[in-house]
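What follows is a set of notes on a single structure, which appears directly below.
Keep in mind that the numbers below use all heavy atoms, side chains included, and drop hydrogens, waters and symmetry copies.
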There are 2 protein chains.
Amino acid sequence: MSRILLIEDDHAVRVGLATALGRYGHDVVATATGEEGLRRHAQDAAELVVLDLMLPGIDGFEVCRRIRAAGTVPIVMLTARGDDIDVVSGLEAGADDYVVKPVEPRVVDARIRAVLRRAAPAAPGRTSAWGDLVIDRAAMTVTRAGRPVAMTPTELRLLLELSASPGQVLSRQQLLRTVWEHSYLGDSRLVDNGVQRLRAKIETDPSSPVYIQTVRGFGYRFGPV
Amino acid sequence: MSRILLIEDDHAVRVGLATALGRYGHDVVATATGEEGLRRHAQDAAELVVLDLMLPGIDGFEVCRRIRAAGTVPIVMLTARGDDIDVVSGLEAGADDYVVKPVEPRVVDARIRAVLRRAAPAAPGRTSAWGDLVIDRAAMTVTRAGRPVAMTPTELRLLLELSASPGQVLSRQQLLRTVWEHSYLGDSRLVDNGVQRLRAKIETDPSSPVYIQTVRGFGYRFGPV
DNA sequence: CCGTTCTGCGACACGGTTGCGACACGGCGA
DNA sequence: TCGCCGTGTCGCAACCGTGTCGCAGAACGG
């Protein structure tokens, strides 16, 4: 069901839990130390981490914090029986749930499913990608080749408007109305200027634009070539 | 990282994208037709579906609708270049995101991660952790670097509201409605002020905030850029 | 090939938006 | 009743965004 990283130093527990979770349909990678676990996680992040607190070397809290710092992967902790100090500290370190030892694979599996279920839904916003240009309408961010592009409000509105009708020519008047909310009828260099500023940010070579094409006499058209 | 179902009839694209996504750490199941994809999805639901629009037999729209009807799995669509009809219809059929062909594996991977990241948190789980900031929704407590942060009711509501939609921009109006339960339409500095007070408590350096970003002209955004 | 029109682009100053400190009001507890 | 804490409001200052202007160069038509 899910790719799980298990970090547990006790050999018997590690092997037993790993095989059991495997039988429950999970894809388990098991490591014996925090260092090894962090390394594995860094190169191929799991969807959920099952983490023992008592570890040689880097202890569970530290591992937890580091994984938390790196992303939002859910973490299920394994703690010694009834040790509520562990529990509190664990939750503070960013664990999502904990299971008290001795572990019952069935219980761990139930917790894992519960945590994953909790983490599952929520409505994602809508983003779009054009070539290496990514527009995230929910976060109001634009990235090019993986790098974030700082956008001003007007530039962003203009880009959103253009990209909402890809391949279609939008006249200056249309853009003026929708982006600037002006109802000018006379000519204005506003749109030209806006497009120029936008190009300067998203085009590799503004003199031969890839994303925003000039259609002489009519307006502008968005669309990767 | 995640179990992904890829539905794409073009052999070259399918194989290329599948192997590339595999290298990026995803667990890819690839099918050539909508029927096959739906069958696979029914017997073992993926965490995310990458779906081509142009398919023989059942087309992408229909597949999209059926997957949507069956659950809340995020869907990333692959559409022909600049075909805005595709894009609009795709979003209407329930796609969360779309990428314009020709596809760049890196871009598709980025989109997948973005969609999953957005889909992941926000659930009303007990605690959520962002860097060294831990928000416990059950206990209504906030700790930073292990130390409890004293919060006033309004500040806490604001923080909960913002952190409930991480990575998403929330407008002042939205926040005014949800946090203050006002239905102002005129402008008000209430939200600005609330954010400022909140930042003073949770940000190390309020002048360069880490958790709550100002998105000029749009509102505020919680979480990673 | 030349002239006209349209567009790209840099410069600059104005205005809006935001951050931030200060203050006043009101509710709750002592 | 008094005092404190939380919160709404106001005003100021700074910064950033943006509208405007002018010129040069490209594109297009004759």
Using atom [atom1] of [X] as one end and atom [atom2] of [N] as the other, report the distance to the nearest whole Å.
| X | N | atom1 | atom2 | value |
| --- | --- | --- | --- | --- |
| Arg221(A) | dT7(C) | CZ | P | 14 Å |
| Leu176(B) | dG8(D) | CG | P | 9 Å |
| Leu190(B) | dT18(C) | CG | P | 14 Å |
| Phe218(B) | dC16(D) | CZ | C1' | 15 Å |
| Met151(B) | dG6(D) | CE | P | 12 Å |
| Leu175(A) | dT7(C) | CG | P | 13 Å |
| Arg157(A) | dT18(D) | CZ | P | 7 Å |

Taking for each residue the nucleotide of DNA chain D bearing the nearest heavy atom, is the 5' side occupied by Arg216(A) or by Thr154(B)?
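Comparing both residues, the 5'-ward one is Thr154(B).
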Quick check: closest heavy atoms across Arg221(B) and Thr141(A), and the distance to 0.1 Å?
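Scanning both residues, the minimum pair turns out to be NH1-CG2, 2.9 Å.
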Looking at Glu203(A) and Val210(A), what are the two nearest heavy atoms and their distance?
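Glu203(A) and Val210(A) have their closest heavy atoms at OE1-N, 2.6 Å.
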Atom CD in Gln174(B), atom CD in Gln168(B): separation rounded to 0.5 Å?
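Reported value, rounded in 0.5 Å steps: 8.5 Å.
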What is the distance from atom CG of Leu175(B) to atom CZ of Arg177(B), rounded to the nearest 0.5 Å?
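So the gap between those two atoms works out to 9.5 Å.
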Salt-bridge contact Glu35(A)-Arg39(A) (side-chain N to carboxylate O under 4.0 Å):
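Here Glu35(A) does not pair with Arg39(A) in a salt bridge, since their nearest N and O are not under 4.0 Å apart.
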Using a strict cut-off of less than 4.0 Å between a Lys/Arg side-chain nitrogen and an Asp/Glu carboxylate oxygen, indicate whether Arg157(B) and Glu161(B) qualify as a salt bridge.
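The answer is no: the pair does not qualify as a salt bridge.
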Can you figure out which of dG8(D), dT18(D), dA26(D) approaches the side chain of Trp180(B) most closely?
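Selected nucleotide (nearest to the side chain): dG8(D).
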From Val50(A), Leu51(A), Leu53(A), residue fulfilling side-chain contact (heavy atoms from CB on, under 4.5 Å) relative to Leu78(A)
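So the option named by the test is Val50(A).
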Please say which of Val179(A), Val195(A), Leu176(A) ends up in a side-chain contact (heavy atoms from CB on, under 4.5 Å) with Leu190(A).
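Filter result, single survivor: Leu176(A).
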Mind checking if Gly217(A) touches a base, just sugar-phosphate, or nothing, with heavy atoms under 4.0 Å?
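Sugar-phosphate only.
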Indicate for each nucleotide in nucleotides 19-30 of chain C, in 5' to 3' sequence, whether protein heavy atoms under 4.0 Å reach the base (B), only the sugar-phosphate (S), or nothing (-).
BBBB--------
Side-chain donor-acceptor contacts of residues 4-12 of chain B below 3.5 Å, not counting sequence neighbours, with atom names and distances?
unit_1	atom_1	unit_2	atom_2	d
Glu8(B)	OE2	Asp10(B)	N	3.0
Asp10(B)	OD1	Ala12(B)	N	2.9
Asp10(B)	OD1	Val13(B)	N	3.2

Could you give the angle between the helix axes at the two ends of the helix from dC1(C)-dG30(D) to dA30(C)-dT1(D), with five pairs per end, rounded to 10 degrees?
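If I round to tens, the end axes sit 30° apart.
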